[in-house]
Amino acid sequence: MRAMDVTELLDGLNPPQREAVASPLNHQLVLAGAGSGKTRVLVHRIAWLMQIEHISPSSIMAVTFTNKAAKEMRSRVEELTGISPKHLWIGTFHSLAHRLLRTHWKQANLSENFQVMDSDDQLRLIKRIVRGLNIDEEVYQPKQAQWYINAQKDEGLRPQHIQPFGDQWAQTMVTIYSAYEEACQRAGLVDFAELLFRAHELWLNNPSLLTQYQQRFRYILVDEFQDTNTIQYAWLRVLAGNAIPVMAVGDDDQSIYGWRGARIENIQQFSKDFAGAQEIKLEQNYRSTGNILKAANSVIDNNPTRLGKNLWTEGDQGEPIALYAAFNEQDEARFIVDQVESHFKNNDRTYQDMAVLYRSNAQSRVLEEAFIRAGLPYRIYGGQRFYERLEIKNAMAYLRLLQNRHDDASLERVINVPARAIGEKTVETLRQYAREHGTSLWQALEQAIRKDLLAARATTALQKFESLIDEMEVTCQSIELHEQVDHVIQTSGLIEHHMKEKGEKAQARIENLEELVNAAKTFDPDDIEAVDENGEPVDVEYASPLAAFLDQAALDAGDAQADEFEDSVQMMTLHSAKGLEFPVVFMAGLEEGLFPHKMSADDPNRLEEERRLCYVGITRAMEKLYICYAESRRMYGQENFASPSRFIREIPHDTIEEVRLKATVSKPVSQQFSVESAQEATGLKIGQQVWHAKFGEGTVLDMEGQGAQARVQVSFDFDGTKWLVAAYANLRPMDL
DNA sequence: GTTAAGGCATTTTTT
DNA sequence: ATGCCTTAAC
């Protein structure tokens with residue numbers, strides 16, 4: 001261990017950062033603006049705890065939202081302190097919960113070899129259950145049921161906790177939820193939300209276990225706190241109890257996951273629940289130019305319900321923000337390609353310095369085509385991940401089946417893939433048998449063969465499948481993990497099966513399967529850590545390397561693309577850009593209806609979230625920001641015309657420079673209908689509650705124009721959203 | 001049991 | 001336009 005003194009740990013930190021890092025061991029709420037050195041504070045705080053407070057690494061827990069963030073934190077701690085952070089508890093909520101459940105599976109009322117399933121598996125299972133219950137799939141869609149179940153779990157509700165009263169729909173959902181739960185329990189399957197939920201119940205149902213962990217942990221840090229949902233917060237709160245100090249780091253302005261259960265209110269709640277929490281704001285930005293920050297601040301300022309922060313920089317103003325009004329989406333893409341080329345040639349930029357951000361994935365296609373045409377290297381983030389690919393899921397299903405014959409979801413997935421004459425009718429018979437006898441499908445299959453319940457042809461096919469799986473297991477017992485994977489994809493016939501597919505797909509699929517063998521080869525079960533009853537770190541006793549491999553794969557979606565190292569322009573959605581930064585950023589498609597998306601347009605809360613998303617986008621840019629919109633855009637095969645996004649109008653026009661490649665007569669949009677001038681004319685503010693003589697109460701969503709022409713968009717509580725001319729509407733501000 | 005034609009919806013994503 | 005899924009025909 002390298003000795004390190006106080007100054008070294010605090011060097012180069014600004015006053016609020018220092019305060020956060022060096023504060024005594026009590027609760028802290030750190031509101032960290034974009035680019036304010038948030039990760040730095042977390043890493044230095046951990047180092048401080050270890051080296052100044054002499055807390056053992058195994059007594060520190062740090063929770064993140066993605067595996068990537070966890071990995072980065074781990075390596076930066078090591079870099080800073082020189083201490084191997086192996087014993088630090090750094091991970092996502094899910095991975096920490098998973099680790100606990102693996103160790104204490106008995107107390108959590110799980111089977112020893114429980115498997116984690118991803119949302120795809122979950123949906124298949126729910127589909128099967130809905131059918132099994134003879135419920136109309138049209139009215140009670142499995143997708144919705146899945147959403148419903150996850151939402152309930154995120155809120156910490158079991159079926160018995162829900163009183164749906166007379167609501168038929170909710171009642172049916174609860175029925176499905178109940179049946180789903182039973183099926184999971186029987187098959188030893190755990191979905192993502194269940195990991196968190198069980199981990200929470202583990203504390204509640206085992207007070208002595210909880211006490212052990214409370215004695216073990218001396219400090220907890222939580223990153224991206226604005227993204228925690230109800231159950232994550234509850235879990236944390238129970239664990240912290242009255243004794244463990246917690247540092248929560250987050251930014252309410254960057255909360256963009258409300259739609260999947262994140263509770264921005266947890267930030268406010270934290271100060272109430274964690275008594276005496278010290279609040280620290282990090283507002284100095286080290287990432288972006290003055291102009292970019294001015295734009296970001298100005299946009300986000302239109303959100304009425306925020307805690308309030310203002311980013312500032314010691315750096316200079318920098319270049320203006322470039323605004324490009326494209327003729328259509330092709331023109332937009334061409335413009336971006338041109339700018340990328342010129343940055344690369346003239347300004348000495350590498351391609352990976354540049355990123356194109358967009359609201360929805362559908363936009364990537366046109367951009368991608370333009371990049372291909374221009375011969376520029378690019379990389380699209382998101383899209384399908386490695387372990388989500390069909391061929392990989394098939395292979396994994398076979399492997400899971402070797403591990404656990406009663407994994408019905410996996411069995412259904414591969415029983416007839418590749419086709420081996422086990423049709424829908426046969427499977428349905430098995431399902432029915434399983435339902436009636438409360439067994440797994442595998443057991444049903446065995447019985448069907450033994451008791452001769454099916455036609456001879458079906459029985460033969462089932463027998464062949466049974467012996468195939470049995471044979472695989474026997475062979476796999478004596479060979480290495482990667483050989484097992486190889487054996488399975490060969491003898492199952494998956495390779496051949498996917499080879500037969502038409503198009504270029506076949507090649508890619510085979511390569512992916514080979515990559516899976518490769519992943520197994522490099523897999524090291526020792527990377528997975530856990531604890532024993534006393535909370536000491538130990539390697540989890542996995543029944544086999546295969547079990548460890550399956551576990552890891554379930555929680556790690558894996559990267560979407562392999563050729564990470566080529567210098568290429570990064571293209572991704574605004575959501576996946578969170579946490580990243582680029583010298584040059586293009587925000588594409590800033591049009592009403594697309595961004596803010598029309599699905600969010602009528603709800604003030606969702607509109608605020610869109611605006612936060614815009615704020616996230618702007619603050620990704622370090623030096624140069626381009627904003628583009630298209631006057632017309634072909635979407636879903638239809639030509640659409642939209643006006644420029646309100647967010648453009650919310651950017652101060654003195655930070656904008658309009659780029660024009662074509663002769664335009666109109667005034668720059670940035671000045672045309674700025675929100676500032678409309679605010680002046682109406683005396684209203686976006687987000688404000690107003691009252692209208694006819695429509696009653698509502699919330700101001702947007703405004704434009706100036707003087708007597710100023711118009712205000714209001715979302716009325718009962719009459720929907722309307723544009724009103726301010727001069728005639730006589731809107732009265734309501735006191736808050 | 002496999003393949004072809006029509007219907008339908010189509011934000012955002014991690015684990 | 002496109003992909004996904006169900007239904008209908010080989």
Side-chain angles (χ1 to χ4, degrees), chain A residues 63-70 91-98 116-123 127 137-138 141-143 147 150 153-154 190-197 199 224 227-229 231-232 255-262 329 357-366 369 381-385 387-388 390 416-427 457-458 461 497 500-502 551-560 572-579 589 593-601 606 609-610 612-614 616-617 633-640:
Chain A
V63 195
T64 61
F65 266 81
T66 61
N67 289 312
K68 197 174 152 205
T92 62
F93 275 107
H94 290 90
S95 73
L96 295 175
H98 178 238
V116 180
M117 61 179 160
D118 65 21
S119 27
D120 191 85
D121 301 330
Q122 187 188 30
L123 184 60
K127 253 188 206 155
E137 279 178 69
E138 291 298 305
Q141 292 170 11
K143 266 254 171 59
W147 182 86
N150 288 336
K153 289 189 179 187
D154 284 346
V190 173
D191 62 49
F192 290 133
E194 186 72 23
L195 284 172
L196 304 170
F197 201 174
E224 304 280 18
D227 287 336
T228 51
N229 63 28
I231 195 74
Q232 289 166 334
S255 161
I256 53 175
Y257 288 113
W259 51 273
R260 62 174 205 216
E329 78 280 359
L357 312 182
Y358 36 81
R359 175 66 236 263
S360 73
N361 281 312
Q363 291 170 253
S364 67
R365 179 96 140 239
V366 177
E369 282 163 6
Y381 277 75
Q384 223 185 9
R385 278 147 205 283
Y387 286 108
E388 284 168 3
L390 179 85
N416 201 31
V417 176
R420 42 174 80 88
I422 304 175
E424 186 49 34
K425 239 181 90 196
T426 308
V427 177
R457 221 174 65 162
H497 172 69
K500 274 194 288 205
E501 277 181 285
K502 47 188 177 244
D551 247 19
Q552 184 251 190
L555 284 163
D556 175 15
D559 238 317
M572 68 193 83
T573 63
L574 288 152
H575 281 90
S576 33
K578 192 169 80 152
L594 183 58
F595 189 34
H597 199 276
K598 57 178 178 298
M599 306 295 279
S600 310
R606 304 184 72 180
E609 185 154 302
E610 295 278 317
R612 291 194 290 268
L613 190 56
C614 183
V616 166
R633 179 179 299 273
R634 183 172 274 279
M635 265 196 126
Y636 309 133
Q638 206 91 80
E639 187 103 328
N640 290 301

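Heavy atoms only: backbone and side chains are in, while hydrogens, waters and symmetry mates are out. The chains referred to below are lettered A, B, ... by the order of the sequence lines, with proteins before strands, and numbering in each begins at 1.
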What pairs of nitrogen or oxygen atoms, one from the protein and one from nucleotides 3-10 of chain C, lie under 3.5 Å apart?
none

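- Along DNA chain B, the nucleotide nearest A/Thr66 and the nucleotide nearest A/Ile256 are compared for position; the residue whose nucleotide lies closer to the 5' end is A/Ile256.
- The residues A/Lys127 and A/Glu137 are annotated as not salt-bridged, no charged nitrogen and carboxylate oxygen being separated by less than 4.0 angstrom.
- Remark: side-chain polar atoms of A/Arg612 are not paired, donor with acceptor, to backbone N or O of A/Ile256 under 3.5 angstrom.
- Counting non-hydrogen atoms under 4.0 angstrom, A/Phe93 reaches nothing in the nucleic acid.
- Using a 4.0 Å heavy-atom criterion, one finds that A/Asp118 contacts no nucleic acid atom at all.
- Contact annotation: A/Asn361 side-chain N/O to B/dT11 OP1/OP2 distance is not under 4.0 Å.
- For B/dT14, the OP1/OP2 oxygens have a side-chain nitrogen or oxygen of A/Arg385 closer than 4.0 Å.
- Using a cut-off of 4.0 Å between Lys/Arg side-chain N and Asp/Glu carboxylate O, A/Asp227 and A/Lys578 are scored as salt-bridged.
- When the side-chain nitrogen and oxygen atoms of A/Tyr257 are compared with OP1 and OP2 of B/dT15, none of them lie within a distance under 4.0 Å.
- Within 4.0 Å of A/Ile422, counting heavy atoms only, lie sugar-phosphate atoms of the nucleic acid but no base atom.
- A/Asp191 has a carboxylate O that lies under 4.0 Å from a charged side-chain N of A/Lys153, or vice versa, which qualifies the two as a salt bridge.
- When the side-chain nitrogen and oxygen atoms of A/Ser600 are compared with OP1 and OP2 of B/dT12, none of them lie within a distance under 4.0 Å.
- Between A/Tyr257 and A/His575, the ring-plane angle classifies as tilted under the 30° and 60° cut-offs.
- Mapped onto DNA chain B by nearest heavy atom, A/Arg457 and A/Leu555 fall at different nucleotides, with A/Arg457 at the one closer to the 5' end.
- In terms of phosphate contacts, A/Asn67 brings a side-chain nitrogen or oxygen within less than 4.0 Å of OP1 or OP2 of B/dT15.
- Base engagement by A/Tyr636 is indicated by at least one non-hydrogen atom pair under 4.0 Å involving a base atom.
- The aromatic ring of A/His597 sits over the base of B/dT11, with ring centres less than 5.5 Å apart and planes inclined by under 30°.
- Distance alone, capped at 3.5 Å, places no donor-acceptor pair between the A/Glu369 side chain and the A/Val366 backbone.
- Looking at heavy-atom distances under 4.0 Å, A/Ala421 makes contact with sugar-phosphate atoms alone, never a base.
- Considering only residues two or more places apart in sequence or on other chains, A/Glu329 meets the salt bridge (charged side-chain N to carboxylate O under 4.0 Å, His left out) condition with none of them.
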